[in-house]
Amino acid sequence: MKLKPLASSSSTALIRRSRLFIYLVILVVFILFVSVLYGEDFRCLLNPRLLADTAELPLPALRTDQKVEDDREEGEEAAALPFALGLTAERGCDLFNGRWERDELARPLYQESDCPYIQPQLTCQEHGRPDHGYQFWRWQPHGCSLPRFNATQMLDSLRGKRMMYVGDSLNRGQYVSMVCLLHSIIPEGSKSMETFDSLTVFTAKDYNATIEFYWAPFLLESNSDNAVIHRVSDRIIRKGSINKHGRHWKGVDIVVFNTYLWWVSGDTNKILRGSFEDKEKDIVELPTDDAYRMAMKSLVRWVEKNMDPKKTRVFFTSMSPTHGNGADWGDTSGGNCYNQTTPIEDPDYWGSGARKSMLAILGEVFSKSRVPITLLNITQLSSYRKDAHTMIYKKQWSPLTPEQLENPASYADCVHWCLPGLQDTWNELMFAKLFYP
C-alpha cells in the first residue's frame with residue numbers, strides 16, 4: 001500500500017506565500033533602517049535644490065586659533081554659547097579670497113532713501129551721484145558662497161545684548177550699515193538712535209538690544225578724541241591709555257574694533273609718555289609700524305583682561321584701503337577714484353592705499369592673544385573697489401573754492417564709502433563668522 005504525501009499542493013502554496021511575506025517584512029525593515037541612517041542624503045538626491053543650497057554653505061572652521069584653556073572633564077559636553085567662537089582658519093574656503101560679481105537681483109540689500117540713519121557724508125545718491133552700478137556688486141569667495149544676511153536671525157541673537165563698533169569714521173560707516181540692514185524689520189515706534197558725546201546708541205526696544213558706536217580713532221587716548229571737533233594736524237597718542245576709552249566697552253556681547261587711517265598721516269607718530277595734564281609733556285616720535293604695534297598690544301592686553309570668550313565675540317576690521325592715486329591701477333592721467341565706475345579686476349592688485357606691514361602686525365599680535373580675536377580681513381577685497389567711494393557726492397562741510405569746482409578730482413573723497421555699498425559686505429562677512437564659523 002502506498003503512503004499519501006504529508007502536505008497537499010494547497011499547503012505548499014501557503015508555505016511559499018508565508019516565506020514571501022517574511023522576505024517582504026525583512027525588506028521593509030531594511031529600507032526603513034537605511035532611510036533613517038541616510039535620509040538626508042536621499043532627500044537631497046530627490047531634491048537637487050536642497051543639494052545646491054547645502055553646497056553654498058561655508059565649510060566648518062578648523063579650531064586652530066582657539067587658545068582658551070578648556071577645563072571640561074573628559075567626555076563632558078561644552079556649554080552652548082551665544083555665538084560660535086571666533087575661529088579664523090577655514091577648511092576649503094577663505095571667505096576673504098574671491099572676486100566681485102554683478103548681481104542686480106539681490107543687490108543692494110536696502111535703499112539709501114529707506115534708511116534715515118545714514119550720515120550726509122555717505123548719501124551719494126542724495127548728493128547727485130549719477131550712477132548706481134557701485135550698489136550691485138556681490139562678493140563671491142572662491143570655493144563657497146557667503147550666507148545671505150538674515151536680519152531676523154541677527155536681531156534674535158542680539159535679544160537682551162549689546163553690540164558695539166569702536167574706532168574711526170570708517171568703523172562708523174560699518175556701524176551705520178548694520179543699522180540699515182536691521183532697522184526695516186523693526187516697527188517704527190520700537191527703535192531710536194541717540195548720541196552721547198563719543199557714544200551713539202541705536203536701540204531695538206522690542207528686543208532689548210542696542211547697536212552702538214564709540215568714537216576712538218586710535219583706540220588709545222589722543223588729542224583727536226572729540227567726536228565732533230577732531231581735525232587736529234599735530235596728532236598725539238598717549239601710551240598705555242586704553243582704559244580711558246575701554247571702560248565704555250565693558251559688558252558688550254559683540255565688539256568690532258578698527259583703527260588704521262589715523263596712524264598713517266606720516267612715517268612717524270607722536271607718543272605721549274605721561275598725561276595730557278602734565279605741564280611739561282614727554283613726547284617721543286615712533287615709526288608708524290612701531291607705534292601701531294604698541295597700540296595693538298595694548299588692545300590685546302585689554303581684551304584678555306576684560307573679555308570673557310564664553311560670552312563675548314571680539315572682531316577687528318582690517319585696514320580700509322584708499323584710492324587716491326590712479327597710477328596704482330594704470331591710470332596715467334594723474335586721477336584718483338573720481339569718476340571710477342567699475343571694480344579693479346586684477347586679482348593680484350594691491351595699491352599704495354594700504355600698508356602690508358601693518359596688516360602683518362595684526363596677524364603677529366593677535367595670534368598671541370589668549371582670547372580669540374576674529375580678523376575681518378577686508379583689505380584685499382576692498383582694494384578692488386575704486387568705484388565705491390563717496391568721491392564728490394557727499395555733504396561738503398566747507399564752501400568749495402573756484403579751483404576745486406574746476407577740478408572735482410582735487411576734492412574727491414577716496415577714503416569713505418557710499419551706503420548702501422561695500423561696507424554692507426563687511427557686515428555680511430561678520431555675519432558669516434558669527435553664525436557659520
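This chain uses plain numbering: 1 for the first residue, then up along the sequence. Note that the coordinates shown come from a computational prediction; the quantities given were computed from them, not determined experimentally.
- L422 places none of its side-chain heavy atoms less than 4.5 Å from the side chain of Y134.
- Side-chain contact between E101 and R99 is present, with at least one heavy-atom pair separated by less than 4.5 Å.
- A donor-acceptor distance shorter than 3.5 angstrom exists from the side chain of E304 to the backbone of R370, with no hydrogens or angles considered.
- Of all the heavy atoms in R238 and F276, the pair that sits closest is CB-CE1, 3.8 Å.
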Step by step, work out the salt bridge (Lys or Arg N to Asp or Glu O under 4.0 Å) result for D253 and R313.
CA-CA 6 Å; D253 299 281; R313 283 296 307 271; over 6 Å; no

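- Atom CG in L261 sits 7.0 Å away from atom OG1 in T322 (nearest 0.5 Å).
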side-chain hydrogen bond (donor to acceptor under 3.5 Å, both in side chains), that's the test. Do S177 and W417 meet it? Break it down for me.
CA-CA 11 Å; S177 162; W417 310 94; over 6 Å; no

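- For NZ of K281, the number of neighbouring non-hydrogen atoms (other residues, nucleotides, ligands) closer than 6.0 Å is greater than 12.
- Taking each heavy atom of G173 and L122 in turn, the nearest pair found is CA-CD1, 4.1 Å.
- More than 12 heavy atoms of other shown residues, nucleotides or ligands fall within 6.0 angstrom of atom CG in D206.
- Scored by the side-chain contact (heavy atoms from CB on, under 4.5 Å) test, D328 finds N325, Y349, S352 as partners (sequence neighbours excluded).
- Aromatic rings of F218 and W263 (six-membered ring for Trp) have centroids within the 6.0 Å cut-off, being under it.
- The CG atom of L381 sits 8.0 Å away from the CZ atom of F96 when rounded to the nearest 0.5 Å.
- Taking the side chain as every heavy atom from C-beta outward, D289 and M358 approach each other to under 4.5 Å.
- In this structure, F257 has its ring center closer than 6.0 angstrom to the ring center of W249.
- Side-chain contact annotation: E212 with T200, donor-acceptor N/O pair under 3.5 Å absent.
- Summarising the geometry of L362 relative to Y292, their closest heavy-atom pair is CD2-OH, 3.6 Å, with the distance given to 0.1 Å.
- Defined by atom type and a distance below 3.5 Å, a donor-acceptor pair is present between the side-chain atoms of R138 and Q140.
- Counting only heavy atoms from C-beta outward, the side chains of H245 and W215 never approach each other to under 4.5 Å.
- Taken from CG in L286 to CD1 in I271, the straight-line distance is 5.0 Å, to the nearest 0.5 Å.
- Side-chain atoms of H416 and H389 include no donor-acceptor pair closer than 3.5 Å.
- In plain terms, the two heavy atoms of G324 and N336 that are nearest each other are O-CB, 3.4 Å.
- In terms of heavy-atom proximity, W426 sits nearest to S382 at NE1-OG, 3.1 Å.
- In this structure, R102 is positioned above the aromatic face of W137, its NZ or CZ under 6.0 Å from the six-membered ring centre and within 45° of the axis.
- Applying side-chain hydrogen bond (donor to acceptor under 3.5 Å, both in side chains) to D413 and the options K394, Q121, Q396 leaves one that passes, K394.
- Contact check for Q174 versus Y165: side-chain heavy atoms found under the 4.5 Å cut-off.
- Crowding of R159 atom CZ: a count of heavy atoms from other residues, nucleotides or ligands under 6.0 Å exceeding 12.
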Under 3.5 Å, side-chain donor or acceptor atoms of residues 338-348 against the rest of the protein: list the pairs with distances, not counting sequence neighbours.
{"from": "Q340", "atom 1": "OE1", "to": "K386", "atom 2": "NZ", "distance (Å)": "2.8"}
{"from": "D346", "atom 1": "OD1", "to": "D348", "atom 2": "N", "distance (Å)": "3.0"}

Derivation and outcome, side-chain contact (heavy atoms from CB on, under 4.5 Å), residues F316 and V256:
CA-CA 5 Å; F316 191 100; V256 185; over 6 Å; no

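- Annotation: disulfide bond (SG atoms under 2.5 Å apart) contacts involving residues 408-437, sequence neighbours excluded, comprise C124-C418, C337-C414.
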Residues E403, E406; criterion side-chain contact (heavy atoms from CB on, under 4.5 Å); working and verdict:
CA-CA 5 Å; E403 291 77 18; E406 189 176 337; 5.7 Å; no

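- Side-chain polar atoms of E285 and T268 form a donor-acceptor pair below 3.5 angstrom.
- At most 12 non-hydrogen atoms from other residues, nucleotides or ligands lie less than 6.0 angstrom from NZ of K297.
- Taking OG1 from T317 and CD from Q423, the interatomic distance works out to 9.0 Å, rounded to the nearest 0.5 Å.
- T379 and S318 share a side-chain donor-acceptor pair at under 3.5 Å.
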Residues Y117, K191; criterion side-chain contact (heavy atoms from CB on, under 4.5 Å); working and verdict:
CA-CA 11 Å; Y117 305 104; K191 55 191 172 186; 3.8 Å; yes

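- Between S222 and R235, the side chains place no donor N or O within less than 3.5 Å of an acceptor N or O (distance only, hydrogens not considered).
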Go through the steps to decide whether D267 and T288 satisfy the test side-chain hydrogen bond (donor to acceptor under 3.5 Å, both in side chains), and finish with yes or no.
CA-CA 6 Å; D267 294 326; T288 296; 5.7 Å; no

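- One N or O on the side chain of N258 and one on the backbone of D168 form a donor-acceptor pair closer than 3.5 Å.
- For Y175 and N427, the side-chain atoms include no donor-acceptor pair closer than 3.5 Å.
- With V252 as the fixed residue, the side-chain contact (heavy atoms from CB on, under 4.5 Å) test singles out one of K161, M163, M164: M164.
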Using the side-chain contact (heavy atoms from CB on, under 4.5 Å) rule, take W302 and M307 through it: C-alpha gap first, then chi angles, then the decisive distance, then the call.
CA-CA 8 Å; W302 187 90; M307 294 294 179; 3.3 Å; yes

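- Heavy atoms only, all atoms of each residue included: I186 and S190 are closest at CG2-O, 3.6 Å.
- Within the 4.5 Å cutoff, the side chain of C144 has heavy atoms near those of the L95 side chain.
- Proximity of L272 to E221: side-chain heavy atoms (C-beta onward) are nowhere separated by under 4.5 Å.
- Evaluation of the salt bridge (charged side-chain N to carboxylate O under 4.0 Å, His left out) test over residues 107-128, restricted to residues two or more places apart or in two chains, returns R107-E428.
- Side-chain atoms of K433 and L376, non-hydrogen and from C-beta on, do get closer than 4.5 Å to each other.
- With hydrogens and angles disregarded, no donor-acceptor distance shorter than 3.5 Å links the side chain of D156 to the backbone of Q153.
- Listed by first then second residue, pairs satisfying disulfide bond (SG atoms under 2.5 Å apart) with a partner in residues 250-333 number zero, not counting sequence neighbours.
- The distance between the ring centers of W350 and W329 does not fall below 6.0 angstrom.
- For F431 and F149, the distance between ring centers is under 6.0 angstrom.
- Partner of M193 under the side-chain contact (heavy atoms from CB on, under 4.5 Å) criterion, out of I211, V179, T203: V179 alone.
- Legend: disulfide bond (SG atoms under 2.5 Å apart) pairs involving residues 234-334, not counting sequence neighbours: none detected.
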